[in-house]
Amino acid sequence: MAKTMSARGVFLDRLRNAHAMKKQALSIMQPQLNRLEHYPEMSALRDRHIRETEGQIERLDVILSGLDTSASGLKDMGLSLSGSMAAVGHTLAGDEILKNSFANHAFENFEIAAYMSLITTAELSGAVSAVPALQQNLDQERRMAAAIADGLDAVTRLYLQLAASDEQADI
């Protein structure tokens, strides 16, 4: 039998999911940042987005608190663990920087879709006061996705240049 949920219930569930998604993002980005010695532009971009992500988590916490609820520790822990495992998986690849770039671009677009849906859910559930903070998070994700896409050509070229030399190219 299907479980019925109010628009507010769906919004709160989606909000907790977004919080866990951001925890997952941090668990992916932080290990990558430590491994970007040959890609300073990507390192700076990743570092900036880690700080943005921490701000997004703070905004989500404020929204949750304002609705007299909190994040789901279980969801946060589960997605953080899966993010850490994903980050470790790419370290085994000879073309780690490329795989990370592809995966990061895909993840940013996943986050964009999640925030777009969350904003709609906020509006339909009457939680319109949450929309400006969610829109700020969405705008940051759109900028990050564009920056990754814009930098992919340069990352690929540098990877190939390093791979053809005695330098380590993967990170």
Side-chain angles (χ1 to χ4, degrees), residues 14-63 71-120 132-171:
R14 298 296 309 132
L15 203 52
R16 289 185 192 101
N17 289 344
H19 193 278
M21 171 183 72
K22 298 316 302 176
K23 292 287 192 169
Q24 179 183 31
L26 283 178
S27 71
I28 292 169
M29 290 187 291
Q30 288 168 329
Q32 288 178 358
L33 180 62
N34 300 331
R35 298 180 52 78
L36 290 170
E37 84 181 71
H38 294 295
Y39 301 88
E41 296 84 9
M42 191 60 67
S43 179
L45 184 64
R46 180 73 44 230
D47 185 54
R48 184 192 84 212
H49 198 54
I50 286 171
R51 287 190 312 277
E52 288 175 343
T53 299
E54 290 166 344
Q56 289 180 28
I57 291 169
E58 288 173 15
R59 283 188 289 279
L60 292 170
D61 283 334
V62 168
I63 295 168
S72 167
L74 185 60
K75 285 182 183 183
D76 283 359
M77 184 178 65
L79 285 181
S80 289
L81 179 62
S82 73
S84 295
M85 298 309 297
V88 168
H90 286 176
T91 64
L92 305 174
D95 59 348
E96 177 183 356
I97 185 65
L98 296 178
K99 284 186 173 52
N100 283 344
S101 295
F102 306 155
N104 291 340
H105 188 258
F107 194 78
E108 294 303 325
N109 281 283
F110 176 85
E111 290 177 310
I112 289 167
Y115 277 123
M116 290 171 64
S117 176
L118 190 54
I119 288 168
T120 300
L134 297 173
Q135 185 64 52
Q136 185 177 356
N137 290 4
L138 173 59
D139 293 344
Q140 288 176 338
E141 297 306 334
R142 285 180 168 153
R143 282 192 300 274
M144 185 60 177
I148 292 170
D150 292 346
L152 193 54
D153 181 72
V155 167
T156 302
R157 289 176 187 278
L158 180 56
Y159 171 79
L160 290 173
Q161 177 188 341
L162 292 170
S165 71
D166 290 334
E167 297 272 350
Q168 184 177 4
D170 57 342
I171 55 171

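- Atom CD of residue Glu41 and atom CZ of residue Arg46 lie 13.5 Å apart, to the nearest 0.5 angstrom.
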With a 3.5 Å cut-off and sequence neighbours excluded, list the donor-acceptor pairs that the side chains of residues 138-147 form with protein atoms.
unit_1	atom_1	unit_2	atom_2	d
Asp139	OD1	Gln135	NE2	2.8
Gln140	OE1	Gln56	NE2	3.0
Gln140	OE1	Arg59	NH2	2.9
Glu141	OE1	His49	NE2	3.2
Glu141	OE2	Lys22	NZ	2.7
Glu141	OE2	Gln56	NE2	2.8

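- Shown here are the side-chain contact (heavy atoms from CB on, under 4.5 Å) partners of Glu54, two or more places apart in sequence or in another chain: Leu26, Gln30, Ile50, Arg51.
- With sequence neighbours left out, Thr156 forms a side-chain contact (heavy atoms from CB on, under 4.5 Å) with Leu98, Leu152, Leu160.
- With sequence neighbours left out, the side-chain contact (heavy atoms from CB on, under 4.5 Å) criterion links Ser117 to Thr121.
- Put simply, the side chain of Asn100 does not reach to within 4.5 Å of the side chain of Leu36, judged on heavy atoms.
- Applying the salt bridge (Lys or Arg N to Asp or Glu O under 4.0 Å) test to Asp150 and every residue at least two apart in sequence or in another chain returns nothing.
- Applying the salt bridge (Lys or Arg N to Asp or Glu O under 4.0 Å) rule to Glu108 yields no partners; only residues at least two apart in sequence or on another chain are considered.
- In this structure, Glu96 CD and Ser101 OG are separated by 10.0 Å, a value rounded to the nearest 0.5 Å.
- Note: Ser27 OG to Gln32 CD = 10.0 Å, rounded to the nearest 0.5 Å.
- Of all heavy-atom pairs between Tyr159 and Tyr39, the closest is CA-OH, 3.3 Å.
- A 4.5 Å side-chain heavy-atom check between Ile28 and Asn104 finds at least one atom pair inside the cut-off.
- Across all non-hydrogen atoms, the minimal contact from Leu158 to His38 is CD2-O, 3.2 Å.
- The shortest side-chain heavy-atom distance between Leu60 and Asn137 falls under the 4.5 Å cut-off.
- In this structure, CG in Leu118 is found 9.0 Å from CG in Asn17, a value given to the nearest 0.5 Å.
- Asn34 contributes atom CG, which lies 12.5 Å from atom CE of Met29 (distance to the nearest 0.5 angstrom).
- Among all heavy-atom pairs drawn from Tyr115 and Met21, the shortest one is CE1-CE, 4.2 Å.
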